[in-house]
Amino acid sequence: MAETEGKFDFAIDRGGTFTDVFARLPDGRERVLKLLSRDPQNYKDAPTEGIRRVLEEETGQPFPREQPVETSLIGWIRMGTTVATNALLEREGERTALLVTKGFKDLLHIGTQARPKLFDLEVSVPDVLYEEVIEVDERIILRQDGCQLPRKDPKRSTGDSLEVWKELDLAQVEKDLRGVLSRGITSLAVLLLHSYTWSDHEKAVGALARSLGFTQVSLSSEVMPMVRAVPRGYTVCADAYLTPKIHQYLKGFTSGFKGGLKDVDVLFMQSDGGLTPMEHFCGSRAILSGPAGGVVGYAITSYSQMENKPVIGFDMGGTSTDVSRYAGHYEHVFEASTAGVTLQAPQLDINTVAAGGGSRLFFRSGMFVVGPESAGAHPGPACYRKGGPLTVTDANLALGRLLPSFFPKIFGPGENEPLSMEETMKHFNYLTEEINLFLSPSQSKEVAMGFIRVANEAMCRPIRALTQAKGHDTSQHVLACFGGAGGQHACAIARALGMKTVFIHKYSGVLSAYGLALADVVEEVQEPCSLKYAQHCFSELDRRVEQLSKRCHDTLCARGFSSSQITTEVFLHLRYEGTDCALMITAAGHPSSSQSCRAGDFHSAFTERYLKEFGFTILDRPIVVDDIRVRGCGKSGIKSVYKTKLGSHQAKPVTVYGMTKCYFEDGYLDTSVYLWEELPCGHSIQGPAIIIDKNSTILVEPCCEARLTEGGDVCLTVGSDPHCALGTELNTVQLSIFSHRFMSIAEQMGRVLQRTSISTNIKERLDFSCAVFGPDGGLVSNAPHIPVHLGAMQETVQYQIKSLGSKLREGDVILSNHPCAGGSHLPDLTVITPVFRKGVSGAVFFVASRGHHADIGGITPGSMPPHSTSLQQEGAVFMSFKIVTRGVFQEEAVTEALMAPAKYPDCSGTRNLHDNLSDLRAQVAANQRGSQLVGELIESYGLDVVQAYMGYIQSNAELAVRDMLRDFARCRRQQTGLLEVESEDFMDDGTPIRLRVQINEEQGSAVFDFTGTGTEVLGNCNAPRAITLSALIYCLRCMVGQDIPLNQGCLAPIKVIIPPGSILQPSQNAAVVGGNVLTSQRVVDVIFRAFEMCAASQGCMNNISFGSEKIGYYETVAGGAGAGPSWNGRSGVHSHMTNTRITDPEILEKRYPVILEQFSLRPGSGGKGKYCGGDGVIRKLLFRNKVVLSVLTERRSTCPYGLQGKSLDFEPAFQTGIHWLNLLHRADGRLLNLGAKTSVSLEPGDMFCLYTPGGGGFGREDDTNSKPQKRRRLNETFLERGSVFEYRMAQEGV
């Protein structure tokens, strides 16, 4: 790149509210500037205005605002912008059409089929980005060696061998494209299946579209050539939707300069932390353009100064906080969601959490709650004088941590008043009065302090998750704090996490802009690969790596870099064969050898990182290369940091600007106030103190010390907090904090289990739950919230207490899965560890983990037979089995038990003993971690305090449920005069499920009586009592409508009556596998029908499995959600007791002998009404080999009910008039109805067609006076993102 000495260089971060400008002046000085991003009365474009002001003020020459800016003095301009993010959030992108392979027009609507909010009955999913869909009758399939279907000529691409089953009909495509153009749509996204590995069809469509006049054509094979059609489809749609908006913005920006910035080097920050030339800046790589600059800024400034200690970036803004990590290299993710759109592109792993200065403060059911709702910029916090609510900012102001005299007078209706302490205190006094009605009297300052502590704990949880997920110790990090609000919380958060150091750069208020100046230009290329990482493939790997590296090098050379400025780094996307857990690996620190490819020893790098993250490696398992990625960097960041000459200041005594009083744990303390700019280098300040600059406020808490570094940055040393004794009496602040701590224990247990397990089900599908229980076995906290596990684990632990009681000793661990012992179905194995305390007889707590094992024996592989009639046919049974006795793992005994089903006719013992044993050890290890964390909590607070707050948390959940029941009873009494509701529904075999609910309005309690429910059935739809309790807790949580602790307190106001011998409480040896996945859904439908919450969902999980001696596959398939009193049901989504993600079409076809012919919605299959039920789906699977297909479904003869209108009116979708079908098209032409539950042998060429139910409608169809009203949702103003969020979504998608 050309040197820019003697010129002005600008790095600018254009945010949603403010635009930050960092300028390097010709004499080497640096200057920063902050201005409003939108101020149409004064200027058109904030970045242009920032450049104009600096040039005018520094040169003394006029640069008139109404004239284009002269560019002869400008060296380079670097920008980060939220233009793409805002367009995505506000859905203001370009009108776009999607062109997709025939049979998949609704693929991106269905997506993963999981709903984003587990307990929201109104399933709200952001709209797709395209306006129209064109289906293209073309088809590429992957060639499989064992395929028994007729072969076509193979085509080879990136390691995969392919067959063209259907050629592209360009004439028809042209006709369809012309129709789209005629309707004014000029942006096109193209997604054809398997184009990531063979792009000829996409390229042909792209060339045609451009020739017809489409101004933006985005091809998925070019935007991101990675396997998995759904995220690649979202990514290409985002690219087509956003890129025109970016170009529109760039056109407006460059028009503000003479010559359109033709001779100026203009670079834009991408989501991956690298700069790219303006003309290459595109929508799919622009989403994190703004925050990425901040990560680069703290990474480069903090890591080296902190002696290369790993750093946590902490960027606290108004509505949210961004958390990230840097330990010598940038941590990227390659698939993440923003604004409801999953993007498959390299992105910095920036985790956004709902806690910022504007997060609102609530007191709900006896608990302090912070966020996720935000006051936003308008009206803003209460202190902004615009009628806003109480926020974290108000709490800091009330405690004296913000000083109004240092803020500009820009508040109030006329935007000319200072921050209002009066407004803040008025709101806090009102809230304190409300809290004092519930608890012993508190003062407003104590309430404000409580909310600050709760907010801090909320921000600590994602930081723990981010570090511990990859095996790192949180306390061994430095906290790098930036953003306007972070300095007020940095000491407290660092102390809570065990960190000793906080680093705050002198440009922390504009660090995203400064990071742009430090960043490098990046060029990335990537292509898919299907080679094994083995000696015989190294020559081909070397060739392809060299080819991609040359592409990177040549591109950067063409952009003006010399070879000496260019570095390239090679990454291989590696996984063990047979697993889905791929890691993007660099060989840095692992030089090449004779046993590796030339780019480095990736085998050693992969196994080292795998061991670090997951705690083990898989010996003798081949390693597969999924993708090759090369990242080229053109070194262009500024090399040296200009340091202010502070020598003259050092001789002067440090001036205390003033004194104030701040409120801390010990009450009000005298607090010194300093101006950052007047502090000399090397000077230390003891807390409590406040350091203020133009853009931020730093609170130095008691027992902490601030020191100014040579470069003018602030380094905080965090001391330990003096121990504050906590009593057993209820403190609502501590209640909220303990709630977070108990949840954190369950979450950390889950991380250990995921890291140390070996099976696909637990490690990759995350089909597990971890939980903490009190000494009586009552649930305290559970993570993640898998609906079918919510109440069941409590039943299991309490059974063991009754069964074993005093026989339990320290070092014992129990294994159980029997339905009569609280089990759900046999593959769900629960491992329970009692926690003992020295000097206390009996267990003081219990911790447990429940994981779904892929096979534990029985009559069919997978241990989920559709036709079982006894429990023994479903696999190995454990009632109260000591898997660990006095610290010794009982491998021989548990092996014998897992193989025991073989003694029954037509049954087998477990078919995967190695994975069973490995996962059981992982569950024991997770429990050990939970036991350790509970012990640490007891050490900190004392056993009596911890157990007291356990009880308070359970009481908090109880109170929320009682409030909900009282509200319902009051409304019901006013409407009908009755306090009793009832309902019934039927299984497909006619078995009724009946419910009568009697509510006590005064007590807020209820009796749920299932008397009249049908008897136990011969098949496997019997549901153990634990399943009904799980369904009930799920329904109660949905009806409460807000976040509450999910524990035994939820059921405290509830008495449940279930008749023994019924389908909901079967005998000891009854088959139950269908009860877990089918009957549970009907129980939910019956409860919601009684309370008239919503119409019935599809009422089924549509369990489909197929397998042979070599392979096995299982999936559940979406249907329609029920409509409600103000919303239409969502189509093509899972509902209620399941939320399983479905396998991506390309992964399905790559790994299994099947071709997915169609996956789309069934229009008209949802119930009619004022609000319509969601539509079901059509899913067609063509089999390439002989397999055994098993189908376990419901709602094939009974319709999902509608509410408050006539009975369901479904339009026939097929001439047969059968509305929900499982059909089999035999290769010989026969068409068979398989029924709801069956197992059948298939031949090559047979096709299974699944037609899933729609949801019920709500209200009378002729009542069309009003349209659906959007309900206010808890998270409607906030969208999380990052690997921690994706992990939680994956857990809830089980």
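- The residue from L397, N396, L419, T391 that alone fulfils the side chain to side chain contact (heavy atoms under 4.5 Å, CB included) condition with P381 is T391.
- A side chain to side chain contact (heavy atoms under 4.5 Å, CB included) with S289 is found for exactly one of M269, R14, M79, namely M269.
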Between L403 and V673, does the side chain to side chain contact (heavy atoms under 4.5 Å, CB included) criterion hold? Intermediate values first, please. CA-CA 10 Å; L403 305 179; V673 180; 3.8 Å; yes

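- Proximity of a side-chain donor or acceptor of H683 to a complementary backbone N or O of R707 within less than 3.5 Å is not detected.
- Nearest heavy-atom pair across G487 and C481 is N-SG, 3.5 Å.
- Just one residue in the list I12, T19, V69 forms a side chain to side chain contact (heavy atoms under 4.5 Å, CB included) with T48, and that residue is V69.
- Judged by distance alone, the side chains of Q216 and S218 do bring a donor and an acceptor atom under 3.5 Å apart.
- Annotation: side chain of L716 is in contact with side chain of I504 (closest heavy-atom distance under 4.5 Å).
- Atom CZ of R65 sits in a crowded spot, with more than 12 heavy atoms from other residues, nucleotides or ligands closer than 6.0 Å.
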Begin with the C-alpha distance, continue with both residues' side-chain angles, and end with the deciding distance and a verdict on salt bridge (Lys or Arg N to Asp or Glu O under 4.0 Å) for E523 and R559. CA-CA 10 Å; E523 172 67 16; R559 292 176 184 170; 3.3 Å; yes

Residue pair L267, I77: steps toward the side chain to side chain contact (heavy atoms under 4.5 Å, CB included) verdict: CA-CA 6 Å; L267 302 170; I77 299 173; over 6 Å; no

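- A donor-acceptor pair is defined here as one N or O able to donate and one able to accept, closer than 3.5 Å; such a pair exists between the side chain of D394 and the backbone of C383.
- A 4.5 Å side-chain heavy-atom check between T301 and Y514 finds at least one atom pair inside the cut-off.
- With respect to the salt-bridge test (charged N to carboxylate O, under 4.0 angstrom), the residues K506 and D713 do not qualify.
- Note that the NZ atom of K245 and the CG atom of N86 stand 12.5 Å from one another [nearest 0.5 Å].
- Using a 4.0 Å cut-off between a side-chain N of Lys or Arg and a carboxylate O of Asp or Glu, E417 and R385 qualify as a salt bridge.
- Classified by interplanar angle (parallel below 30°, tilted 30° to 60°, perpendicular above 60°), the ring pair Y384/F411 is tilted.
- Screening R31, R53, K7 for a salt bridge (charged side-chain N to carboxylate O under 4.0 Å, His left out) with E58, the sole residue that qualifies is R31.
- Residue H553 holds its NE2 atom at 10.0 Å from OG1 of T567, rounded to the nearest 0.5 Å.
- V264 approaches G75 most closely through the heavy-atom pair CG1-O, 3.9 Å.
- In terms of heavy atoms, T96 sits closest to E94 at OG1-O, 2.8 Å.
- Side-chain contact between D13 and V510 is absent, with no heavy-atom pair separated by less than 4.5 Å.
- The residues K44 and E49 are annotated as not salt-bridged, no charged nitrogen and carboxylate oxygen being separated by less than 4.0 angstrom.
- Of all heavy-atom pairs between C662 and I690, the closest is SG-CD1, 3.7 Å.
- Under the 3.5 Å distance criterion, the side-chain polar atoms of T243 are matched with a main-chain donor or acceptor of G283.
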Using the side chain to side chain contact (heavy atoms under 4.5 Å, CB included) rule, take V54 and F8 through it: C-alpha gap first, then chi angles, then the decisive distance, then the call. CA-CA 9 Å; V54 171; F8 289 84; 4.3 Å; yes

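- Between the side chains of Y326 and S302, no donor-acceptor pair of N or O atoms lies under 3.5 Å.
- Looking only at side-chain heavy atoms (C-beta outward), L129 and R91 come within less than 4.5 Å of each other.
- Judged purely by atom type and a 3.5 angstrom limit, D20 has no side-chain atom pairing as donor or acceptor with the backbone of K34.
- Note that CD of E677 is 6.0 Å distant from CG of L675, once rounded to the nearest 0.5 Å.
- Between the side chains of T660 and T671, not a single donor N or O lies within less than 3.5 Å of an accepting N or O.
- For the residue pair I246 and A84, the shortest heavy atom distance occurs at CD1-CB, 4.0 Å.
- Judged by distance alone, with hydrogens and angles left aside, the side-chain atoms of Y241 form a donor-acceptor pair with the main-chain N or O of E92 at under 3.5 Å.
- Judged purely by atom type and a 3.5 angstrom limit, T352 has no side-chain atom pairing as donor or acceptor with the backbone of D322.
- Inspection of the Y298 and D315 side chains reveals no N or O donor paired with an N or O acceptor under 3.5 Å.
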Should F482 and H505 be marked as a ring pair (Phe, Tyr, Trp, His ring centres under 6.0 Å) after you check the CA-CA gap, both sets of side-chain angles, and the distance that decides it? CA-CA 7 Å; F482 57 106; H505 193 268; over 10 Å; no

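- The side-chain heavy atoms of F257 and I74, taken from C-beta on, include a pair separated by under 4.5 Å.
- No donor-acceptor pair under 3.5 Å is formed between the side chain of T568 and the backbone N or O of G632.
- The aromatic ring centres of Y657 and Y674 sit 6.0 Å or more apart.
- Taking the side chain as every heavy atom from C-beta outward, V21 and F10 approach each other to under 4.5 Å.
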Under the criterion side chain to side chain contact (heavy atoms under 4.5 Å, CB included), I'd like the reasoning laid out for V522 against T276: C-alpha separation, chi angles, the key distance, then a yes or no. CA-CA 6 Å; V522 169; T276 192; over 6 Å; no

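- One distance of note links CD1 of I698 with SG of C491; it measures 9.0 Å at 0.5 Å rounding.
- Ion pairing of E70 with K258 is present here, as a side-chain N (NZ or NE/NH1/NH2) and a carboxylate O approach within less than 4.0 Å.
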Carefully, step by step, assess R631 and E524 under the rule salt bridge (Lys or Arg N to Asp or Glu O under 4.0 Å). CA-CA 5 Å; R631 181 178 174 90; E524 284 206 9; 2.6 Å; yes

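- Taking OG1 of T555 as the start and NE2 of H280 as the end, the distance is 8.0 Å to the nearest 0.5 Å.
- Across all their heavy atoms, A46 and S37 have their closest contact at CB-O, 3.7 Å.
- For Q41, the CD atom is loosely surrounded, since the number of other residues' heavy atoms within 6.0 Å does not exceed 12.
- Between the side chain of T424 and the backbone N or O of A398, no donor-acceptor pair lies under 3.5 Å.
- Taken from CD in E710 to SG in C681, the straight-line distance is 7.0 Å, to the nearest 0.5 Å.
- For the pair D9 (side chain) and R24 (backbone), a donor-acceptor distance under 3.5 Å is absent.
- Residues D520 and L275 have side chains not in contact (no heavy-atom distance under 4.5 Å, counting atoms from C-beta outward).
- A distance-only check finds a donor-acceptor pair linking the side chain of R78 to the backbone of L516 [under 3.5 Å].
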Quick one: do Y249 and D45 satisfy side-chain hydrogen bond (donor to acceptor under 3.5 Å, both in side chains)? Show the steps, please. CA-CA 10 Å; Y249 171 74; D45 178 71; 3.3 Å; yes

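- Counting only heavy atoms from C-beta outward, the side chains of L88 and I287 approach each other to under 4.5 Å.
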